[in-house]
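Structure first, commentary second.
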Number of protein chains: 2
Amino acid sequence: MGRSSYREKILSAGISIAHERGFATSGVRDFVQAAAVPQGSFINNFGSKEAFGIAVLDRYFEGLDDIIGQTLRDEARGPIERLRSYFDTISASCEQAGWRLGCLIGNMSLEAPNHSDAIRERLVRIFADWKQPFAEAVRAAQACADLSADLDPDDVAEFLLAGWHGAMLRMKVDRSGEPLERFKRVVFATVLARPAFASTSTGKP
Amino acid sequence: MGRSSYREKILSAGISIAHERGFATSGVRDFVQAAAVPQGSFINNFGSKEAFGIAVLDRYFEGLDDIIGQTLRDEARGPIERLRSYFDTISASCEQAGWRLGCLIGNMSLEAPNHSDAIRERLVRIFADWKQPFAEAVRAAQACADLSADLDPDDVAEFLLAGWHGAMLRMKVDRSGEPLERFKRVVFATVLARPAFASTSTGKP
DNA sequence: ACAGATTATATGTATGGCCGTATATGAATC
DNA sequence: GATTCATATACGGCCATACATATAATCTGT
């Protein structure tokens, strides 16, 4: 083997830079400069900017998965509470960034798919994984009658995940947490409302 | 005055190119080449790429406003029907593009705010205008008891608009219309469901 | 109605800088 | 001694913008 590798250093700098300035609009030189490593180490370690993008995506989602573990999968709480805690935790981290950054995965979802199929396909996989803990929380809520069972839990899970990304898109434009708060207000009063209090009885056959 | 101007030609080419390849990742040369005009005409007419971006945004939203006029503001239909018709119309146009393009305004919302405050502020204004017809439809639905009046109509309007953008984000990644259909399924069964004994959401009043 | 000034835009090219990638050479590890 | 990676530099190409000049349409004064 060779020496100790700057891979980690470049990766974590890459997440910051891509998150702040966008992946497509950041140059390889921005990444290596932020990591304070020579430029050649970039190609040595990742081969291409596209491959680096995939590595960045994976690493970012690992961090997200930690948050998911502490919130969405925290079975000490009820399922609706778990969902609320996930959204609140993300809100807090968005606030820390001055409502400026949004979600790197969401950002790359609108940037990359027209340029790179490899990145697009990785995004498909990530969203498929991401959906699961949402779907489990929704199923659990339906099982304990905290939520009406009229709707397909996978539909609801995907809806929540996508809608939350829409809220973060608006957050970036408005530079305000209000879109996130609005999302929570509406969702917990309707889609995730307890059957008795909800105004959602559509009499599905 | 001078001669007849390539402004329109560049603008409409710019919408296509920016929609297909992204605004930030397209070059001025891509725009002028697609418009088949000499490069100097770009700066002559728009001054800078940033100013051009704003012009593109405005023009794109004008087109959207036509669709809004034929659907969301079509008072021949009931308010819930108007909302459905808007989403269906956009879905159809997304399908025509092979689920590849999404919404240019949404795309630029994640691209531009970190690079250009001028574009970000224009986006804020556009979203503020865009919200209005949604809010009016929601208010109308609440007034004729097609919708519970529990929620702030502006909250619901912003929620729908943002959520729809989230659905289009997923559409771009999945290259599929399913995220849009899912959005409609969930929204019309919950947030936009009739308060009590709804018959069918597709039936005419 | 006509000549000339004025203005807006066309047109082509130049500029300085950044882009992603490739590749040599050398050092450290197995 | 093979391998892996650090390190530095090089490459061809594209970037947004600036600018000099040409040309067509309008305005002005007569």
Side-chain angles (χ1 to χ4, degrees), chain A residues 1-18 20-57 59 107-108 111-120 122, chain B residues 1-18 20-57 59 107-108 111-120 122:
Chain A
M1 286 281 193
R3 316 187 222 172
S4 67
S5 176
Y6 287 157
R7 197 186 156 87
E8 293 305 312
K9 225 174 153 185
I10 303 172
L11 213 36
S12 98
I15 290 181
S16 303
I17 298 291
E20 277 161 29
R21 310 189 207 163
F23 180 74
T25 47
S26 299
V28 169
R29 283 166 181 81
D30 296 330
F31 297 136
V32 298
Q33 186 182 328
V37 304
Q39 181 169 342
S41 292
F42 184 88
I43 293 290
N44 283 343
N45 280 282
F46 299 99
S48 74
K49 194 189 174 190
E50 184 185 42
F52 180 62
I54 291 177
V56 162
L57 236 22
R59 177 56 132 267
N107 298 351
M108 286 183 72
E111 261 188 329
N114 291 103
H115 297 285
S116 159
D117 243 6
I119 291 184
R120 189 181 72 78
R122 181 57 58 108
Chain B
M1 288 286 182
R3 323 189 214 170
S4 68
S5 179
Y6 288 157
R7 198 186 156 87
E8 292 306 310
K9 227 174 153 185
I10 302 172
L11 213 38
S12 97
I15 290 181
S16 304
I17 298 291
E20 277 161 30
R21 308 189 208 164
F23 179 73
T25 46
S26 298
V28 169
R29 283 169 181 81
D30 296 330
F31 298 137
V32 298
Q33 187 183 328
V37 304
Q39 180 168 341
S41 292
F42 183 88
I43 293 290
N44 282 342
N45 280 282
F46 298 100
S48 74
K49 194 189 174 189
E50 184 185 41
F52 180 63
I54 291 178
V56 162
L57 235 24
R59 178 56 133 267
N107 298 350
M108 286 183 71
E111 262 188 329
N114 290 105
H115 297 285
S116 160
D117 242 7
I119 290 183
R120 189 183 72 78
R122 181 58 58 108

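The chains referred to below are lettered A, B, ... by the order of the sequence lines, with proteins before strands, and numbering in each begins at 1.
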Just the rounded figure in Å: distance from [atom2] of [N] to [atom1] of [X].
| X | N | atom1 | atom2 | value |
| --- | --- | --- | --- | --- |
| B/Ile10 | C/dT9 | CD1 | P | 11 Å |
| A/Asn44 | C/dT25 | CG | P | 16 Å |
| B/Gln33 | D/dA16 | CD | C1' | 16 Å |
| B/Phe52 | D/dA16 | CZ | C1' | 13 Å |
| A/Glu8 | D/dA6 | CD | P | 12 Å |
| A/Ile17 | C/dC19 | CD1 | P | 12 Å |
| B/Phe42 | D/dT17 | CZ | C1' | 10 Å |
| A/Phe46 | C/dG20 | CZ | P | 15 Å |

Closest to the [X] side chain: [options]?
| X | options | answer |
| --- | --- | --- |
| A/Val28 | C/dT21, D/dA6, D/dA16 | C/dT21 |
| B/Ser48 | D/dA6, D/dT17, C/dA10 | D/dT17 |
| A/Gln39 | D/dA10, D/dT17, D/dA6 | D/dA10 |

* Asked: Is the side chain of A/Thr25 donor-acceptor paired with the backbone N or O of A/Arg21 at a distance under 3.5 Å, no angle test?
  -> yes
* **Of A/Arg29 and B/Pro38, the one whose closest DNA chain C nucleotide lies more 5'** => B/Pro38
* Using only side-chain N and O atoms of A/Ser41, determine if any of them is under 4.0 Å from OP1 or OP2 of D/dC5. => no
* Partners passing salt bridge (charged side-chain N to carboxylate O under 4.0 Å, His left out) against B/Glu20 (at least two apart in sequence or in another chain) -> none
* Asked: What is the nucleic acid contact for A/Gly40, judged by heavy atoms within less than 4.0 Å: base, sugar-phosphate only, or nothing?
  -> base
* B/Thr25 near the nucleic acid: base, sugar-phosphate alone, or nothing, with a heavy-atom cut-off under 4.0 Å? -> nothing
* How far does CZ of B/Arg7 sit from CZ of B/Arg59, to the nearest 0.5 angstrom? -> 8.0 Å
* **Parallel, tilted or perpendicular: rings of A/Phe42 and A/Phe52 (30°, 60°)** => perpendicular
* Non-hydrogen atoms of A/Ser41 and A/Tyr6 that approach each other most closely -> OG-CD1, 3.8 Å
